[in-house]
Amino acid sequence: QVQLAESGGGLVQAGGSLRLSCAASGRTFYTYAMGWFQQAPGKEREFVAAISWSGGTTGYAESVKGRFTISRDNAKNMVYLQMNSLKPEDTAVYYCAAVLDYSGNYYTRGAEYDYWGQGTQVTVSS
């Protein structure tokens, strides 16, 4: 089992940057594929980015390609989401998620993940 805790959210102006962090508990973090999702008020939770256990493969939603970068540090049990060129429509609560997977895949559907953090608020002002 793994527990997840996000941090790094806040208020930023359009065009600015934020780096979200997700700290994971457990000795076997390296066996989990990880993902980031966002949920805006009144909307469904949506996929943002995902990364395989090794960091060798990544995937992004079309809306964030070229602006966001997901990465991980298995030695530190951390996964990150670097968000650049932020837009007001990026405003949401961002969640970190984990699924046990050693195949090298990443996952884009929320239903595929077993563990979730509490979320961190990102607000982008225009």
Side-chain angles (χ1 to χ4, degrees):
Q1 192 168 0
V2 62
Q3 293 182 323
L4 305 172
E6 304 92 338
S7 62
L11 174 64
V12 64
Q13 288 188 332
S17 298
L18 281 175
R19 187 196 197 201
L20 304 185
S21 298
C22 175
S25 65
R27 298 181 179 179
T28 58
F29 172 71
Y30 62 90
T31 61
Y32 287 83
M34 303 295 295
W36 285 97
F37 290 76
Q38 64 176 197
Q39 187 167 20
K43 293 189 176 182
E44 297 287 324
R45 186 169 54 195
E46 296 180 343
F47 168 72
V48 175
I51 190 167
S52 63
W53 72 269
S54 67
T57 55
T58 58
Y60 297 91
E62 285 297 324
S63 61
V64 306
K65 278 184 180 178
R67 299 190 299 122
F68 291 10
T69 302
I70 188 171
S71 62
R72 66 188 296 162
D73 185 337
N74 286 344
K76 296 182 179 180
N77 281 20
M78 297 290 294
V79 64
Y80 306 100
L81 185 68
Q82 178 66 44
M83 305 187 296
N84 299 329
S85 302
L86 282 161
K87 305 175 181 180
E89 51 264 43
D90 295 321
T91 295
V93 177
Y94 283 74
Y95 296 92
C96 175
V99 56
L100 187 66
D101 183 277
Y102 208 60
S103 68
N105 294 325
Y106 65 84
Y107 299 90
T108 62
R109 294 188 302 123
E112 294 172 309
Y113 287 84
D114 297 316
Y115 304 101
W116 294 84
Q118 293 300 307
T120 186
Q121 175 71 47
V122 171
T123 302
V124 184
S125 63
S126 57

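Both backbone and side-chain heavy atoms feed into the values below; hydrogens, waters and symmetry mates do not.
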If you group Ile, Leu, Val, Met, Phe, Trp and Tyr by side-chain heavy-atom gaps below 4.5 Å, do Y80 and Y94 land in one group? no

On a heavy-atom basis, the closest approach of Y60 and T58 is CE1-OG1, 3.7 Å

Rounded to the nearest 0.5 angstrom, the CZ-CH2 distance for R72 and W53 is 8.5 Å

Acceptor/donor pairs from residues 119-126 side chains to any protein atom, 3.5 angstrom cut, sequence neighbours excluded:
from: T120; atom 1: OG1; to: G9; atom 2: N; distance (Å): 3.2
from: Q121; atom 1: NE2; to: A92; atom 2: O; distance (Å): 3.4
from: Q121; atom 1: NE2; to: T123; atom 2: OG1; distance (Å): 3.3

If we only count heavy atoms from C-beta on, is the V48 to M83 side-chain gap below 4.5 Å? no

Interatomic spacing from CD in E6 to CD in Q118 - rounded to 0.5 Å: 7.5 Å

Using 0.5 Å steps for rounding, measure from the CE atom of M78 to the OG atom of S21. 4.0 Å

When rounded to the nearest 0.5 Å, the distance separating OH of Y95 from CG of L4 is 13.0 Å

Tell me whether Y113 contacts the main-chain N or O of Y107 through its side chain, where contact means a donor paired with an acceptor under 3.5 Å. yes

Let me see the working for F68 and L18 under side chain to side chain contact (heavy atoms under 4.5 Å, CB included), right down to the final yes or no. CA-CA 10 Å; F68 291 10; L18 281 175; over 6 Å; no

Taking L100 as the starting point, is it possible to reach I51 by hopping between hydrophobic residues whose side chains are less than 4.5 Å apart? yes

M34 and side chain to side chain contact (heavy atoms under 4.5 Å, CB included): which single residue from V99, V79, D101 fits? V79

Roughly how far apart are Y102 OH and T28 OG1, rounded to 0.5 Å? 10.5 Å

Separation of T91 OG1 from Q38 CD (nearest 0.5 Å): 9.5 Å

Between F29 and N74, is a side chain to side chain contact (heavy atoms under 4.5 Å, CB included) present by the stated rule, with each step listed? CA-CA 7 Å; F29 172 71; N74 286 344; 3.2 Å; yes

Minimum heavy-atom separation for A24 and V2, please, with both atom names. CB-CG2, 3.8 Å

Anything under 30° is parallel, anything over 60° is perpendicular, the rest tilted; go ahead and classify Y32 against Y115. perpendicular

Taking atom CD of E89 as the centre, report whether more than 12 heavy atoms of other residues, nucleotides or ligands fall under 6.0 Å from it. yes

Using the rule ring pair (Phe, Tyr, Trp, His ring centres under 6.0 Å), only one of W36, F37, Y106 pairs with F47; which is it? F37

